[in-house]
Amino acid sequence: MQAVARAVTVRVPAKINVQLGVGQRREDGYHDLATVFHAVSLFDEVTATDGLPGSGIRIHVEGRDAQHVPLGEQNLAYKAADALATYADVVPDVQLSIKKSIPVAGGLAGGSADAAGALLACDALWRTGLGREELDTLAGRLGADVTFSLHGGTAIGTGKGEQLTPALISGHYHWVLGISDEGLSTPEVYQRCDRLRESKIIRDPEVSEDLMSALRRGDAEGVGAALTNDLQPAAIAMRPQLEIVLEAGLSHGALGAVVSGSGPTCAFLARDPEQALDIAAGLMSSGLVSDALTAEGPVHGARIVE
Ligand code: ATP
């Protein structure tokens, strides 16, 4: 009888940054961040299946923007499986099938989500049994957002963003994500940010107390008023249309609007699910975005679903 290949599927959410404070560029090229991550209900799925001996790590991608996702060693899910295999001393013969719903290069950490998904799926498939701390360490080495993709919820990120402190918040928040057809490159947005700030004194970023207390109270209006992103001027300089998109969402009654991460996705906070649908419909009919999705947060991080 032939053995049936084992498979583990993990669901991982997109993130938005309800605050993204960016410090000076450091010697190592990174920037110190003070950010508030928030996981929203837009998920990629990563399935890890036993591969034939000697097959190595194989990547298959389907779904939104699949044509823009690299299939080889450049894929963050590949890197994650490879890093785990080295750490746990496993021969990585595995097929990673990625079902994308998170737009690529959208500022929603889609690649990081797939890396976190691959870590968790391979950890279960290979029964490496790593503890949360070891997975966190591997995740932190793979990318600044990967640790948050594992955890989900709402969390403060410092350092490059990988040093996480869970935030105690109340309430559920209803978001609209205004999606652009063409992504923005995260390194290019940071470079533009540095150039816009040349000759300015940049203070160390700090998490906004107004934002955190609004999140603790479950005060959506307060959260909407406190959304900020230090990369937003750079993203707008590179894609001036984003300013019009943000204004359009506000004119449809959003409580707040912000570019998510390095953009170009714009996140709008709505009062309730009905208003979120109205804002999404308004954005779609304006023709300013290629898609408008509703999502709620916070949601859990990477989780095995089957
Ligand atoms: P972040 O918000 O973390 O800065 P992003 O959401 O803007 O990231 P990603 O979707 O993670 O951007 O993609 C950035 C680049 O990473 C893509 O242009 C793509 O070439 C590459 N990439 C590597 N692996 C993946 C993956 N599994 N899914 C999507 N993109 C990937």
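Order of listing sets the numbers, starting from 1, for every ligand and every atom in it.
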Practice item. Note the single closest protein heavy atom to atom 4 (O) of ligand 1, along with its residue, its atom name and the distance in Å. Key: Thr186 OG1, 2.8 Å

Check your understanding: Is the closest side-chain donor-acceptor distance between Ser213 and Arg217 under 3.5 Å?
Key -> yes

Check your understanding: What protein heavy atom sits nearest atom 16 (O) of ligand 1, and how far off is it?
Key -> Leu76 CD1, 4.9 Å

Exercise for review: Check ligand 1 against Lys15 and write out every atom of the ligand that is under 4.0 Å from a heavy-atom position of the residue.
Suggested key: 2 (O)

Exercise for review: Look at atom 2 (O) of ligand 1 and say which protein heavy atom is nearest, naming residue and atom and giving the distance to 0.1 Å.
Suggested key: Ala109 N, 3.1 Å

Check your understanding: Hey, any chance Leu108 and Leu164 share a hydrophobic cluster, counting ILVMFWY side chains that come within less than 4.5 Å of each other, even indirectly?
Key -> no

**Study point:** Distance-only polar pair, side chains of Ser262 and Thr186, donor-acceptor under 3.5 Å
**Key:** yes

Review point. Under a 4.5 Å side-chain heavy-atom rule over Ile, Leu, Val, Met, Phe, Trp and Tyr, are Leu293 and Val104 clustered together?
Key: no

Check your understanding: Going by the atom numbers of ligand 1, which of them fall below 4.0 Å from some non-hydrogen atom of Leu108?
Key -> 2 (O), 6 (O)

**Study point:** Where ligand 1 meets Ala105 - atom numbers and elements under 4.0 angstrom, heavy-atom basis
**Key:** 5 (P), 7 (O), 9 (P), 10 (O), 12 (O), 13 (O)

Check your understanding: With a 4.0 Å heavy-atom cut-off (strictly under), which part of Ala115 contacts ligand 1: side chain, backbone, both or neither?
Key -> neither

**Study point:** Residue and atom name of the nearest protein heavy atom (relative to atom 27 (N) of ligand 1), distance in Å to one decimal
**Key:** Asp114 OD2, 2.9 Å

Exercise for review: Verify the distance criterion only: is there a donor paired with an acceptor across the side chains of Thr154 and His38 at less than 3.5 Å?
Suggested key: yes

Review point. Where on Asn75 is there a heavy atom closer than 4.0 Å to ligand 1, on the side chain, on the backbone, on both, or on neither?
Key: both

Review point. Does a side chain donor of either Asp136 or Thr147 reach within less than 3.5 Å of an acceptor in the other side chain?
Key: no

Practice item. Could you tell me the separation between the CG atom of Leu288 and the CD atom of Glu247, rounded to the nearest 0.5 Å? Key: 10.0 Å

Check your understanding: Does ligand 1 have a heavy atom under 4.0 Å from the side chain of Gln74, from its backbone, from both, or from neither?
Key -> backbone

Point to revise | Gap between atom CG of Leu231 and atom NE2 of His31 - 0.5 Å precision | key: 8.0 Å

Exercise for review: Just need the protein heavy atom nearest to atom 5 (P) of ligand 1, so name the residue and atom and give the distance.
Suggested key: Gly107 N, 3.5 Å

**Study point:** For atom 3 (O) of ligand 1, closest protein heavy-atom neighbour
**Key:** Asp145 OD2, 2.7 Å

Check your understanding: Can any side-chain N or O of Asp123 pair as donor or acceptor with the backbone N or O of Gly129 at less than 3.5 Å?
Key -> yes

Revision key, fill the gap. Note: Val104, heavy atoms under 4.0 Å from ligand 1, region reported as both

Check your understanding: Tell me: protein heavy atom nearest atom 19 (C) of ligand 1, and distance?
Key -> Pro70 CD, 3.8 Å

Check your understanding: Taking the six-membered ring of Tyr30 as reference, does the NZ or CZ atom of Lys160 fall below 6.0 Å from its centre and within a 45° cone about the axis?
Key -> yes

Point to revise | Nearest-neighbour protein heavy atom for atom 11 (O) of ligand 1, which is reported as residue plus atom name and distance | key: Gly111 N, 2.8 Å

